Asker: 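Got a structure here, written out as structure tokens. Questions coming.
Computation of the quantities below employed the complete heavy-atom set of this structure, encompassing side-chain atoms and omitting hydrogens, waters and symmetry-equivalent molecules. Quick caveat, the model's predicted, so the values are computed rather than measured.
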Amino acid sequence: MVAGQGGGGGAVEAVRRWLEAGGGRLVLDGGLATELEANGADLNDPLWSAKCLLASPHLIRKVHLDYLEAGANIITSASYQGTIQGFEAKGFSKEESENLLRRSVEIAREAREIFLKEHLDQSAPIQQPILVAASIGSYGAYLADGSEYSGDYGEAGTLDFLKDFHRRRLQVLAEAGPDLIAFETIPNKLEAQAYAELLQECNIDIPAWFSFNSKDGVNVVNGDSIIDCATIADTCGKVGAVGINCTPPRFIHGLILSIRKVTDKPILIYPNSGETWDGVKKEWVESTGVSDGDFVSHVSEWCKDGATLIGGCCRTTPSTIRAISKTLNQGYKAPQFSVA
């Protein structure tokens with residue numbers, strides 16, 4: 001079933017309908033940059049994975065398809081580090097920059113169409129929701145200096161500045177027709193507040209999710225309380241789910257319990273592999289993460305804790321997502337729905 005936009009029914013209601021159609025759980029995709037590099041892309045650039053919108057969009061489409069084949073219900077556009085300001089710094093006009101953002105959603109939608117057509121031609125067509133989320137990374141992701149892992153924006157750390165930075169990007173991505181808007185790796189309470197206000201001011205009718213990152217299992221990375229951050233997501237009617245991404249798996253249990261203290265909205269979890277990012281060398285430190293088996297061993301616990309949308313972030317792969325999908329599909333049979 002291909003679900004459309006949530007519209008006036010409310011963001012939470014839309015997400016819950018998709019969850020019901022998926023049998024109570026939905027699988028998110030995994031790391032995009034990891035797989036793009038595995039397929040030969042050179043991401044040594046401030047645009048990171050968004051560089052492939054320029055150089056190799058076919059690789060983005062292939063990675064989306066790999067995740068869909070692995071069992072993902074939701075694929076996320078290659079716009080996390082794509083911003084109008086970042087593209088303009090590369091010499092593109094404002095119009096060209098906006099078109100590149102739209103293209104990120106179009107590529108994901110194309111991958112979905114290819115995937116569904118292939119399975120419609122088979123004896124067992126896809127019966128669960130297949131959704132496209134437009135990714136919006138933090139201001140720190142645009143800076144490409146690792147500050148999305150610290151939340152320290154210096155003089156740029158004002159509400160009005162952050163709203164002005166993100167406003168047009170949000171509008172363009174929403175106009176491109178995704179099913180969801182994914183605000184990812186939110187490092188502080190201020191940026192969450194900026195997003196919440198923008199969703200209202202821009203009258204965005206597409207369900208959003210807010211996903212924070214933590215390095216201690218108690219607070220988001222700048223030291224703000226995860227409870228305070230989740231409260232902002234809970235009070236925003238445009239937000240349909242709230243959760244954690246790009247955080248080591250060992251912290252997820254406690255973070256879910258903290259989030260549940262302040263919201264009954266669906267909770268999404270997509271940790272990284274547990275590896276450490278070196279912001280100076282701009283690389284992941286090897287031998288600091290967990291194996292796919294260790295990662296997936298936590299999935300049942302996270303479900304018991306209350307998570308209903310589960311996937312992976314940096315350094316996770318289609319193999320990780322396939323294992324998550326298998327774990328989530330054990331023990332119940334998903335209801336049958338026709339593709340629409």
Asker: Check Glu35 against Pro318 and note the closest heavy-atom contact, atom names and distance.
Answerer: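 Where Glu35 meets Pro318 most closely, the heavy atoms are CD-CD, 3.2 Å.
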Asker: How long is the gap from CD1 on Ile269 to OG on Ser211, to the nearest 0.5 Å?
Answerer: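 Between Ile269 CD1 and Ser211 OG, I get 7.5 Å after rounding to 0.5 Å.
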Asker: How about Leu26 and Trp18: do any of their side-chain heavy atoms sit closer than 4.5 Å?
Answerer: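 They are in side-chain contact.
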Asker: Mind checking side chain to side chain donor-acceptor pair (under 3.5 Å) for Lys94 and listing every partner two or more places apart, or none if nothing turns up?
Answerer: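 Listed in chain order: Glu98.
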Asker: With sequence neighbours left out, what residues match Ser93 under side chain to side chain donor-acceptor pair (under 3.5 Å)?
Answerer: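 Listed in chain order: Glu96.
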Asker: My understanding is that only residues two or more places apart in sequence, or in another chain, count here; which of them pass side-chain contact (heavy atoms from CB on, under 4.5 Å) with Ile114?
Answerer: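 With neighbours one apart ignored, the set is Arg61, Leu65, Glu118.
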Asker: Apply side chain to side chain donor-acceptor pair (under 3.5 Å) to Asp152 and list each qualifying residue two or more places apart in sequence or on a separate chain.
Answerer: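 For Asp152, no residue satisfies side chain to side chain donor-acceptor pair (under 3.5 Å) once neighbours in sequence are set aside.
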Asker: Enter the distance from Glu197:CD to Ile232:CD1 here, rounded to the nearest 0.5 Å.
Answerer: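 So the CD of Glu197 and the CD1 of Ile232 are separated by 9.0 Å.
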Asker: Determine whether a donor-acceptor pair (N or O, by modelled atom type, separation under 3.5 Å) exists between the side chain of Lys238 and the backbone of Ile204.
Answerer: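 The answer is yes, because a donor-acceptor pair under 3.5 Å joins these two groups.
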Asker: With rounding to the nearest 0.5 angstrom, report the CD1 to CD1 distance, Ile107 to Ile60.
Answerer: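 That separation rounds to 4.5 Å.
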Asker: Starting from Val221, can I reach Ile259 by hopping between I/L/V/M/F/W/Y residues whose side chains sit under 4.5 Å apart?
Answerer: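 In one cluster: no.
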Asker: Please identify each residue that fulfils salt bridge (charged side-chain N to carboxylate O under 4.0 Å, His left out) with Arg103, with sequence neighbours left out.
Answerer: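 Once residues adjacent in sequence are excluded, the partners of Arg103 under the salt bridge (charged side-chain N to carboxylate O under 4.0 Å, His left out) criterion are Glu106, Glu110.
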Asker: Determine, using the 4.5 Å side-chain heavy-atom cutoff (strictly less than), whether Phe165 and Leu159 are members of one ILVMFWY cluster.
Answerer: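 Same hydrophobic cluster.
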Asker: Would you say Tyr153 and Glu191 are linked by a side-chain donor-acceptor pair, where the criterion is simply a distance under 3.5 Å?
Answerer: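 Side chains of Glu191 and Tyr153: pair found under 3.5 Å.
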Asker: Go through the structure and list residues passing salt bridge (charged side-chain N to carboxylate O under 4.0 Å, His left out) with Asp66, not counting sequence neighbours.
Answerer: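 For Asp66, the residues satisfying salt bridge (charged side-chain N to carboxylate O under 4.0 Å, His left out) (neighbours in sequence not counted) are Lys62.
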Asker: If the condition is side-chain contact (heavy atoms from CB on, under 4.5 Å), which residues does Asp228 pass it with, not counting sequence neighbours?
Answerer: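 Here the qualifying residues are Lys189, Ser225.
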Asker: For His166, which residues count as a ring-ring contact (aromatic ring centres under 6.0 Å, His included) partner, sequence neighbours excluded?
Answerer: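 Here the qualifying residues are Tyr195.
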Asker: Would you kindly say whether Asp160 and Thr158 are connected by a side-chain donor-acceptor distance under 3.5 Å?
Answerer: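 Side chains of Asp160 and Thr158: no pair found under 3.5 Å.
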Asker: Suppose we screen for side-chain contact (heavy atoms from CB on, under 4.5 Å). Which residues come up paired with Asp305, at least two apart in sequence or across chains?
Answerer: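 For Asp305 the side-chain contact (heavy atoms from CB on, under 4.5 Å) partners, ignoring immediate neighbours, are His253, Ile256, Leu257, Glu301, Trp302.
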Asker: Tell me whether Ser325 contacts the main-chain N or O of Ile321 through its side chain, where contact means a donor paired with an acceptor under 3.5 Å.
Answerer: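 The answer is no, because no donor-acceptor pair under 3.5 Å joins these two groups.
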Asker: Between Ser135 and Glu184, is there a side-chain donor-acceptor contact under 3.5 Å, judged purely by atom types and distance?
Answerer: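 Yes, because at least one side-chain N or O of Glu184 sits under 3.5 Å from a partner of the opposite role on Ser135.
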Asker: Please enumerate all residues that pass ring-ring contact (aromatic ring centres under 6.0 Å, His included) together with Phe251, with sequence neighbours excluded.
Answerer: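 Phe251: no ring-ring contact (aromatic ring centres under 6.0 Å, His included) contacts found.
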Asker: Between Glu13 and Arg17, is there a side-chain heavy-atom distance shorter than 4.5 Å?
Answerer: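 They are in contact (side-chain heavy atoms under 4.5 Å apart), so the answer is yes.
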Asker: Examine distances only and state if a side-chain atom of Ser77 and a backbone atom of Ser104 form a donor-acceptor pair shorter than 3.5 Å.
Answerer: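 Checked: no pair found.
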Asker: If you take all heavy atoms of Ala108 and Ile75, which pair is closest and at what distance?
Answerer: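 Of all heavy-atom pairs spanning Ala108 and Ile75, the closest is O-CD1, 3.4 Å.
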Asker: Rounded to the nearest 0.5 Å, what's the gap from CD1 on Ile244 to CG on Leu255? Could you check?
Answerer: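 The CD1 atom of Ile244 sits 4.5 Å away from the CG atom of Leu255.
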Asker: Determine yes or no for a side-chain-to-main-chain donor-acceptor pair under 3.5 angstrom, with Arg169 supplying the side chain and Gln85 the backbone.
Answerer: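 Such a contact is absent between Arg169 side chain and Gln85 backbone.
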Asker: Looking at Ser56 and His58, would you say the former's side chain and the latter's main chain have a donor-acceptor pair under 3.5 Å?
Answerer: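 Pair absent, no side-chain N/O of Ser56 close to backbone of His58.
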Asker: If every non-hydrogen atom of Thr308 is compared with every non-hydrogen atom of Pro266, which pair is closest and at what distance?
Answerer: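 Answer, listing the atom of Thr308 first, then Pro266: OG1-CB, 3.8 Å.
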Asker: Given 3.5 Å as the limit, does a donor-acceptor pair link the side chain of Asn73 with the main chain of Val27, or not?
Answerer: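 Here the side-chain-to-backbone pair exists.
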Asker: Determine whether the side chains of Asn245 and Thr185 contain a donor N or O and an acceptor N or O closer than 3.5 Å.
Answerer: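 Indeed, the side chains of Asn245 and Thr185 share at least one donor-acceptor pair under 3.5 Å.
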Asker: Kindly write out the residues that satisfy side-chain contact (heavy atoms from CB on, under 4.5 Å) with Gln171, not counting sequence neighbours, or none if the list is empty.
Answerer: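 If we apply the side-chain contact (heavy atoms from CB on, under 4.5 Å) test to Gln171, skipping adjacent residues, the hits are Arg167, Arg168, Glu175, Cys202.
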Asker: Do Tyr139 and Thr83 come within less than 4.5 Å of each other through their side chains, counting heavy atoms only?
Answerer: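 A side-chain contact under 4.5 Å is absent here.
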Asker: Quick one: closest heavy-atom pair of Asp179 and Ile206, and the distance?
Answerer: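 Nearest pair, atom of Asp179 first, then Ile206: O-CG2, 3.3 Å.
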Asker: If you look at every heavy atom in Tyr149 and Cys314, which pair is closest and at what distance?
Answerer: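 Heavy atoms only, the tightest pair is OH-SG, 4.3 Å.
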Asker: So does Glu148 get a backbone contact from the side chain of Asn213, meaning a donor-acceptor N/O pair under 3.5 Å?
Answerer: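 Yes; at least one donor-acceptor contact below 3.5 Å.
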Asker: Would you give the length of the straight line joining atom CG of Leu170 to atom CZ of Phe183, rounded to the nearest 0.5 angstrom?
Answerer: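 It is 4.5 Å, given to the nearest 0.5 Å.
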Asker: Is there a donor-acceptor pair under 3.5 Å between the side chain of Ser79 and the backbone N or O of Gly82?
Answerer: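 No, because the side chain of Ser79 does not come within donor-acceptor range (under 3.5 Å) of the backbone of Gly82.
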Asker: To the nearest 0.5 angstrom, please state how far the OG atom of Ser258 sits from the CD1 atom of Ile226.
Answerer: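 It comes to 7.5 Å.
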Asker: Do the side chains of Ser300 and Cys303 get nearer than 4.5 Å, heavy atoms only?
Answerer: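 Result no, sub-4.5 Å side-chain heavy-atom pair not found.
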Asker: Measure across Cys236 and Leu199 and return the closest heavy-atom pair with its distance rounded to 0.1 Å.
Answerer: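 Smallest interatomic distance, heavy atoms only, reads SG-CD1, 4.2 Å.
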Asker: Step by step, work out the side-chain contact (heavy atoms from CB on, under 4.5 Å) result for Val262 and Asp234.
Answerer: CA-CA 7 Å; Val262 293; Asp234 181 66; 5.5 Å; no
Asker: Do side-chain atoms of Arg25 reach the backbone of Ile310 as a donor and acceptor pair under 3.5 angstrom?
Answerer: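 Such a contact is absent between Arg25 side chain and Ile310 backbone.
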Asker: Check for a donor-acceptor pair, side chain of Tyr67 on one end and backbone N or O of Ile74 on the other, with a separation under 3.5 Å.
Answerer: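 Side chain of Tyr67 to backbone of Ile74, a donor-acceptor pair under 3.5 Å: no, none is there.
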Asker: How would you list, by chain and number, every residue that makes a salt bridge (charged side-chain N to carboxylate O under 4.0 Å, His left out) with Lys265, sequence neighbours excluded?
Answerer: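 Result, salt bridge (charged side-chain N to carboxylate O under 4.0 Å, His left out) vs Lys265: none returned.
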